[in-house]
Amino acid sequence: QVQLVESGGGLVQAGGSLRLSCVASGRTSGNYTMGWFRQYTMGWFRQAPGAEREFVAAITWGGGTTYYTDSVKGRFSISRDNAKNTVYLQMNTLKPEDTAVYYCAVPHAAYSVTKGKPDEYGHWGQGTQVTVSS
């Protein structure tokens with residue numbers, strides 16, 4: 001099955017930066033076949049304690065189009081390296097309100113533009129904790 005492993009989280013002071021990575025591997029007998037990664041939009045979501053999971057950013061299969069939630073625009077940047085099956089989230093000018101567990105995810109459908117809706121994503125990583133102190 002598809003596996004997504006996030007890394008790069010940690011504790012930083014407000015105004016600091018972190019870069020999250022998500023490495024994808026594996027495949028399924030369905031949509032997630034050999035070489036699947038380059039066919040899929042990848043997304044980042046986050047969930048703070050007591051809050052619902054929210055969309056953060058997404059990047060289309062070839063990296064040509066990106067999407068961000070309003071609260072992170074200008075501060076976060078999503079990118080991908082299809083040769084490495086990896087998606088990144090560069091987070092700059094971090095704020096305490098960015099504190100959350102961050103998850104990467106892959107949508108159900110190939111070549112789909114999916115953003116903002118967690119139920120459009122079929123696989124999730126275990127998450128990496130980002131804590132921003134004030």
Side-chain angles (χ1 to χ4, degrees):
Q1 63 179 22
V2 171
Q3 293 183 327
L4 305 172
V5 180
E6 303 97 334
S7 63
L11 174 64
V12 298
Q13 293 182 321
S17 298
L18 286 172
R19 189 176 80 153
L20 306 183
S21 299
C22 173
V23 179
S25 63
R27 63 180 183 179
T28 70
S29 60
N31 288 334
Y32 306 115
T33 58
M34 193 72 177
W36 65 268
F37 184 83
R38 64 181 65 249
Q39 299 176 326
Y40 284 79
T41 288
M42 295 294 294
W44 284 98
F45 293 77
R46 66 187 181 187
Q47 189 165 21
E52 296 183 355
R53 189 166 299 185
E54 67 170 341
F55 170 78
V56 176
I59 184 167
T60 53
W61 47 91
T65 305
T66 58
Y67 304 91
Y68 301 93
T69 191
D70 286 344
S71 64
V72 308
K73 287 181 179 177
R75 299 189 298 119
F76 290 11
S77 179
I78 188 171
S79 62
R80 67 190 297 161
D81 185 341
N82 285 346
K84 297 180 179 180
N85 280 12
T86 302
V87 61
Y88 305 94
L89 185 67
Q90 178 67 47
M91 305 186 295
N92 299 322
T93 319
L94 283 161
K95 304 175 181 179
E97 63 202 64
D98 295 318
T99 295
V101 177
Y102 283 71
Y103 302 88
C104 68
V106 57
H108 294 287
Y111 300 113
S112 63
V113 180
T114 54
K115 60 183 186 297
K117 298 180 179 180
D119 60 5
E120 294 180 337
Y121 287 76
H123 292 274
W124 300 81
Q126 294 300 302
T128 185
Q129 177 71 49
V130 172
T131 303
V132 184
S133 62
S134 60

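Across every non-hydrogen atom of Ala58 and Tyr121, the tightest pair is CB-OH, 3.9 Å. Nearest heavy-atom pair across Met91 and Leu20 is CE-CG, 3.7 Å. Nearest heavy atom pair, residue Ser134 against residue Ala14, reads CA-CB, 4.4 Å. Minimum interatomic distance between Gly127 and Val101 (heavy atoms only, all atoms of both residues): CA-CG1, 3.8 Å. Smallest separation of non-hydrogen atoms from Leu89 and Val56: CD2-CG1, 4.2 Å.
Note on Ile59: it clusters hydrophobically with Val72, by side-chain heavy-atom contacts below 4.5 Å among ILVMFWY residues. Linking ILVMFWY side-chain heavy atoms closer than 4.5 Å, directly or via other members, places Val23 and Val130 in two distinct hydrophobic clusters. Hydrophobic clustering places Trp61 together with Tyr67 (ILVMFWY residues linked when any side-chain heavy atoms are closer than 4.5 Å, directly or through intermediates). Hydrophobic clustering (ILVMFWY, side-chain heavy atoms < 4.5 Å, transitive): Trp44 and Tyr68 are in one cluster.
To the nearest 0.5 Å, the span separating SG on Cys22 from CD on Glu6 amounts to 5.0 Å. Here the CG atom belonging to Asn85 is positioned 9.0 Å from the CE atom belonging to Met42, to the nearest 0.5 angstrom. The CZ atom of Phe55 sits 10.0 Å away from atom CD of Glu120, with the distance rounded to the nearest 0.5 Å. Between atom OH of residue Tyr111 and atom CZ of residue Arg38 there is a gap of 9.0 Å, rounded to the nearest 0.5 Å. Taken from CZ in Arg46 to OG1 in Thr69, the straight-line distance is 7.0 Å, to the nearest 0.5 Å.
Environment of CD in Gln129: crowded, with over 12 heavy atoms of neighbouring residues, nucleotides or ligands closer than 6.0 Å.
No cation-pi contact links Arg80 to Tyr40, judged by a cut-off of 6.0 Å to the six-membered ring centre and 45° from its axis.
With hydrogens and angles ignored, the 3.5 Å screen pairs no side-chain donor or acceptor of Ser77 with any backbone N or O of Gln90. A donor-acceptor pair under 3.5 Å is formed between the side chain of Arg75 and the backbone N or O of Thr93. In this structure a side-chain-to-backbone donor-acceptor pair under 3.5 Å is missing from Thr131 to Thr99. Under a 3.5 Å cut-off, the side chain of Asn82 and the backbone N or O of Gly62 do not form any donor-acceptor pair.
Of the residues Ile78, Leu4, Thr128, the one that meets the side chain to side chain contact (heavy atoms under 4.5 Å, CB included) test with Cys104 is Leu4. For the ring-ring contact (aromatic ring centres under 6.0 Å, His included) test with Phe45, the passing option among Tyr102, Trp124, Tyr103 is Trp124; the others fail.
Salt bridge status for Asp98 with Lys95: absent, with no side-chain N to carboxylate O gap under 4.0 Å.
At least one side-chain heavy atom of Phe76 sits less than 4.5 Å from a side-chain heavy atom of Leu94.
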